[in-house]
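Heads up: the structure comes next, in structure tokens.
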Amino acid sequence: MLDRQFIRQNPDAVRAGAARKGVKAPVDEFLQTDAAWRTATHEWETVQAQANTVNKSIGALMGQGKKDEAEAAKREAAELKSKVGDLEGAAKELEAKLREIELLFPNLPHDSVPDGTTPDENVVIREWGEKPTFAEAPKKHFDIALEHGLIDFDRATKVSGSGFAVYTGMGAKLHRALIQFMLDFQTRENGYDEVYPPALVLSSSLVGTGNLPKFEEDLYSTKDDLYLIPTAEVPVTNLYRDEILDATDLPLKVGAFTPCFRREAGAAGRDTRGILRTHQFEKIELVKYVLPEESYNELELLVTDAEDILQALGLHYRVVLLCAGDMGEKGCKCYDLEVYAPGEDRYLEVSSCTNFEAYQARRANIRMRRGPGEKPEFVHILNGSGLAVPRLLVALIETYRLSDSGDIVIPEPLKPYMGVDVLKNPD
RNA sequence: GGAGGGGUGGCAGAGUGGUCGAAUGCGGCGGUCUUGAAAACCGCUAGGGGGCAACUCCUCAUGGGUUCGAAUCCCAUCCCCUCCGCCA
């Protein structure tokens, strides 16, 4: 959601910003409805004010024992009442319509975001490490997973259909070790408060983050008006919905591990082998509530917080600044972290770090107050994965499988969690 | 699932159908006093919308209803608490 005042005063800037994302913002519809709403509201309030005055006078007249005058006032009030009802109905209807339109506006890209419509136009900001080299062509993760018995794809399909994985044995343990390591790291080293939120949420929470009403087809829903979360961003961001935070408590940093559920409706047939794209996956999510003037600085810090994991694991990756057309509707500025997977010979997105500015805060009504007597202001909200588990696991086993023996070397930080240094090739 | 109780401002806690957006206390802020602090005393202290402004409207869980008028009465929904049952 954008600031109403801003849209009124800068309709062209809103149109232009949305256009950079390849989205048409309903600016004209907004302006028209907004004007009608304000007119209707004014009319309603004027008559309501009259009615209030008359109603109050009735009480006073009764108190003074002026019965006749009170009766006359009652008749007048009754007339005003029906007028008020009509006007109120009209105003409320327009307000609801305005809100509906408002929720359809995309967020506007920041000035520092490059133009572009496809991933080809994203900009690589920096790379870390080097592409690992192998004596033989490195294996793909699903072959390694089968070789080591880390994942049972067939039984996953039997149990849940396509797009799921059953991690088995050391695969399950590695999966768990990554989660444990990342959460421990972000809470110990980077100052995030750990939270374990529900994986089922009300639709109102999804409106708050911007997933509804526009992107319902991406979500799994239940018969109970609850949705499965597509990311921990949803429950965590909504933690402070309708609250006014104390500015001195900012930045508020929350880290959460959850499963994530996505229908991947638009991605059927893409990345079908292995665990590159599944309907359920696990990740650690980092969410920050910050002062508006700090949010772009906080975005850079968020990116490095997520990078810390990849560096600790010694995995080659790059940081990509997404162009306006590729970053989705909700963000102002977004960096992707892409880890290199040797078997795939490509970079896999394991994190998207986004500054939403006040877009989500406005939808979810999350504000802060700078001091006593100050007006509440919307906070800026940022989030990023830190990181997504399956793709990280892919990069890990593809990077650390030794060509000659087929053994998988466990990187240093994971050893305490794994209890072993190497996954021996069973053959 | 059954029975009962309850949702009021940052918190606690009053509230008779008619100057109640709401007593009082605590907390917070400002002031007097003090070398400074404490204490005491005085004042201020909910959120949102519209309007340049004066001002005005809405909000006492939410949505309906009764009434000229609802925090107050009625109905529905949601949430919380207690007891019983069930359960990891």
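So that the names make sense, note that chain A is the first sequence line, chain B the second, and so on, each numbered from 1. Keep in mind it's a predicted model, so treat the numbers as computed, not measured.
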Using Watson-Crick or G-U wobble geometry with both distances under 3.5 Å, which nucleotide pairs with [N]?
N     : answer
B:C26 : B:G10
B:G17 : none
B:A70 : none
B:C52 : none
B:G85 : none
B:G36 : none
B:A61 : B:U77

- From A:R369, A:R362, A:R367, A:R370, residue fulfilling salt bridge (Lys or Arg N to Asp or Glu O under 4.0 Å) relative to A:E377: A:R370
- Message: Using the salt bridge (Lys or Arg N to Asp or Glu O under 4.0 Å) definition, which of the options A:K21, A:R20, A:K214 pairs with A:E329?
- Response: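 With A:E329 as partner, salt bridge (Lys or Arg N to Asp or Glu O under 4.0 Å) holds for just one option, A:K214.
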Roughly how many Å apart are [M] and [N], using the [atom1] atom of each and rounding to a whole number?
N     : M     : atom1 : result
B:G25 : B:U8  : C1'   : 15 Å
B:G51 : B:A38 : C1'   : 47 Å
B:G64 : B:C78 : C1'   : 14 Å
B:C20 : B:A14 : C1'   : 12 Å
B:C26 : B:C41 : P     : 9 Å
B:A76 : B:C87 : P     : 32 Å
B:G5  : B:G10 : P     : 29 Å
B:G65 : B:U59 : P     : 13 Å

- Message: Is there a side chain to side chain contact (heavy atoms under 4.5 Å, CB included) between A:F378 and A:E357? Walk through the geometry before answering.
- Response: CA-CA 9 Å; A:F378 290 111; A:E357 295 192 11; over 6 Å; no
- Taking heavy atoms of chain A and a 4.0 Å limit, find me the 5'-most and 3'-most nucleotide of RNA chain B within that range.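 It runs B:G18 to B:G69.
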- Message: Please list, in numerical order, the residues of residues 36-51 of chain A that have a heavy atom closer than 4.0 Å to any atom of RNA chain B.
- Response: A:W37, A:R38, A:W44, A:E45, A:Q48, A:A49
- How would you list, by chain and number, every residue that makes a side chain to side chain donor-acceptor pair (under 3.5 Å) with A:E300, sequence neighbours excluded?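 In terms of side chain to side chain donor-acceptor pair (under 3.5 Å), with neighbours along the sequence ignored, A:E300 is linked to A:Y335.
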- Item | Set of side chain to side chain donor-acceptor pair (under 3.5 Å) partners for A:Y240, sequence neighbours left out |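 Partners of A:Y240 under the side chain to side chain donor-acceptor pair (under 3.5 Å) test: none.
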Determine the contact category for [X]: base if any of its heavy atoms lies under 4.0 Å from a base atom, sugar-phosphate if only primed atoms, P, OP1 or OP2 are that close, otherwise nothing.
X      : answer
A:R369 : sugar-phosphate
A:R8   : sugar-phosphate
A:K92  : nothing

- Task: Test side chain to side chain contact (heavy atoms under 4.5 Å, CB included) on A:L387 and A:I284 and set out the steps.
- Result: CA-CA 5 Å; A:L387 311 157; A:I284 277 71; over 6 Å; no
- With sequence neighbours excluded, give me every ring pair (Phe, Tyr, Trp, His ring centres under 6.0 Å) pair touching residues 408-427 of chain A. none
- Message: On the six-membered ring of A:W37, is A:R4 placed so that its NZ or CZ lies under 6.0 angstrom from the centre and within 45° of the ring axis?
- Response: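 So A:R4 does make the cation-pi contact.
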- Aromatic ring proximity A:H380/A:F356, centre distance under 6.0 Å: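 Between A:F356 and A:H380, which both carry aromatic rings, the centre distance is not below 6.0 Å.
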Side-chain donor-acceptor contacts of residues 75-84 of chain A below 3.5 Å, not counting sequence neighbours, with atom names and distances?
from  : atom 1 : to    : atom 2 : distance (Å)
A:S82 : OG     : A:E79 : O      : 3.1

- Query: Which sits closer to the 5' end of RNA chain B, A:P376 or A:N52, going by the nucleotide each is nearest to?
  - Reply: A:P376
- Task: Specify the residue among A:R75 and A:G59 whose closest nucleotide of RNA chain B lies further upstream toward the 5′ end.
- Result: A:G59
